Structures are given as C-alpha cells and as structure tokens.
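Written out below as structure tokens is the structure these notes cover.
In what follows, every heavy atom counts, from backbone to side chain, and hydrogens, waters and symmetry copies are set aside. In this text, all values refer to a predicted model and were calculated from it rather than measured experimentally.
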Amino acid sequence: MANSAPVVTIGNHSLLYNQWQKMQPWLTYADSDGNPAQKFQFWDGGSAANSAYFWTSTNDHWAANTTIEVAASDLSDVWVRAGAVGGTETLWVRAFDGTDWGNWTSFTLTTIPNTVPVVTVPPTCSCTPIHGRKPRIG
C-alpha cells in the first residue's frame, strides 16, 4: 500500500514587533496513514534585515531563504521572532512521516509596529473662584 504524505496546517498570525512565539502551538499535524511526524522543515521568505526570523537551539538567527530541518522531538525548540518594524511576510512549514515529505504550507506573519505613545494633558482650569477662594485641584 502506498504511503500518504503528511499534512501540516497553520493559520496566519500577528505578533507585536520583536515579539517571540513558539511554533509548536500554531501547527496541526495530520497523517491519514497514522504515521507520527519524524521531522519538520521551516523556510523564511522574508529577506529584509529587519524582518521576522526563526530561532532554534542550534542557531539563534536563521538566515532567510534557508531550509531549517528539526526532529519532531525538537519542535518545541523552534521559535519565530516578529520583525523589528511593521509589515507582512510569508513563512513555510512541512512535515516528514518517515517515508514522504508533505507539501509546503505557507502562512503570513504580520508584524504589528510599535506605536508612538500619546500623552493627553487636561486643559487648564478656567474655574471661577467661589466666595473669593481659588478652586482646589487634585
């Protein structure tokens, strides 16, 4: 009987700038033959210097356009870091069941940029003194 390739599903996600996220909770693995995952591969399509990137225990900043292969037992050690500035990029993942690699599954990672804080200053008091006394503020 022929082997069916595994399927990895992942949705699109958003992270605040420079935020870290483990990949494992975002992934769903399925294999119609019931074969457990043996390996995963990740690929980063964003090549800007300030774009998102993958981190593993063997490399703290994987370069874009590099295939990253990890054992399924090490999946919890794969992280993604959002970009340093706002934007979107496409990243990819696929799984190996010991016989076949599944198709690459893409997802969009949106980096939410830092927003400048806004300070609101209350207007000055234009109160009228009552009985000759100044209003008390605070």
Side-chain angles (χ1 to χ4, degrees):
M1 178 177 357
N3 183 62
S4 296
V7 176
V8 176
T9 55
I10 184 170
N12 296 328
H13 292 279
S14 297
L15 294 172
L16 294 174
Y17 72 102
N18 293 331
Q19 182 180 359
W20 291 94
Q21 171 65 45
K22 278 189 172 192
M23 290 300 301
Q24 188 173 25
W26 286 357
L27 302 177
T28 301
Y29 173 85
D31 186 289
S32 62
D33 301 318
N35 298 324
Q38 300 297 312
K39 298 178 185 179
F40 287 88
Q41 287 183 336
F42 297 89
W43 193 79
D44 174 6
S47 59
N50 54 9
S51 67
Y53 61 88
F54 289 109
W55 178 98
T56 65
S57 59
T58 60
N59 188 328
D60 63 357
H61 188 153
W62 284 92
N65 302 314
T66 301
T67 301
I68 304 159
E69 187 169 301
V70 296
S73 59
D74 294 330
L75 184 58
S76 64
D77 291 334
V78 180
W79 293 72
V80 66
R81 182 179 181 198
V85 297
T88 61
E89 59 190 284
T90 303
L91 299 123
W92 304 78
V93 61
R94 69 178 181 166
F96 180 69
D97 66 2
T99 303
D100 293 310
W101 282 101
N103 292 328
W104 286 102
T105 300
S106 66
F107 67 100
T108 300
L109 179 64
T110 300
T111 297
I112 302 166
N114 184 29
T115 54
V116 178
V118 177
V119 176
T120 303
V121 178
T124 57
C125 180
S126 59
C127 303
T128 305
I130 300 174
H131 304 294
R133 295 186 300 180
K134 293 183 180 177
R136 185 174 171 187
I137 299 175

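For the ring pair (Phe, Tyr, Trp, His ring centres under 6.0 Å) criterion with F54, the lone passing option out of W62, W43, F42, W92 is F42.
Interatomic distance, M23 CE to L91 CG, rounded to the nearest 0.5 Å: 7.0 Å. Distance OG1/T67 to CG/D44: 11.0 Å, rounded to 0.5 Å. Between the CG atom in D97 and the CG atom in N3 there is a gap of 4.5 Å [rounded to 0.5 Å]. Atom CD1 of residue I112 and atom CG of residue N114 lie 11.5 Å apart, to the nearest 0.5 angstrom. We find the CD-OG distance between Q21 and S14 to be 11.5 Å, quoted to the nearest 0.5 Å. Atom CZ in F40 sits 8.0 Å away from atom CD in Q24 (nearest 0.5 Å).
Between V85 and T111, the shortest heavy-atom contact is O-CG2, 3.1 Å. Taking all atoms of both residues into account, the shortest heavy-atom contact from G46 to A64 is O-CB, 2.9 Å. Listed here is the closest heavy atom pair of A82 and L15: CB-CB, 3.7 Å. Heavy atoms only, all atoms of each residue included: D31 and A5 are closest at OD2-C, 4.3 Å. In terms of heavy-atom proximity, S51 sits nearest to A48 at OG-O, 2.8 Å. Listed here is the closest heavy atom pair of P6 and W101: CD-C, 4.3 Å.
With a 4.5 Å cut-off on side-chain heavy atoms, N65 and S47 count as touching. Two residues are said to be in side-chain contact when any heavy atoms from C-beta on lie closer than 4.5 Å; L75 and L27 meet this criterion. Looking at T66 and N59, their side chains never come closer than 4.5 Å, going by heavy atoms from C-beta outward. Looking only at side-chain heavy atoms (C-beta outward), T56 and D77 stay at 4.5 Å or farther from each other. The closest side-chain heavy-atom distance from N12 to T110 is not below 4.5 Å.
If you chain together hydrophobic residues whose side chains sit under 4.5 Å apart, V78 and W26 fall into the same group. Linking ILVMFWY residues whenever their side-chain heavy atoms come closer than 4.5 Å, directly or via other members, leaves V8 and F96 in distinct clusters.
In the hydrophobic clustering (ILVMFWY side chains linked at under 4.5 Å, chained through shared members), W79 is joined by W20, Y53, W55.
Heavy-atom contacts from other residues, nucleotides or ligands closer than 6.0 Å to OH of Y17 number 12 or fewer.
Judged by distance alone, with hydrogens and angles left aside, the side-chain atoms of E89 form a donor-acceptor pair with the main-chain N or O of A52 at under 3.5 Å. Side-chain atoms of S32 do not come within 3.5 Å of backbone N or O of S4 as any donor-acceptor pair. Not one N or O on the side chain of T90 forms a donor-acceptor pair closer than 3.5 Å with the backbone of G45.
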Self-check item: Criterion side chain to side chain contact (heavy atoms under 4.5 Å, CB included) on R94 and N103, from CA distance to verdict
Solution: CA-CA 6 Å; R94 69 178 181 166; N103 292 328; over 6 Å; no

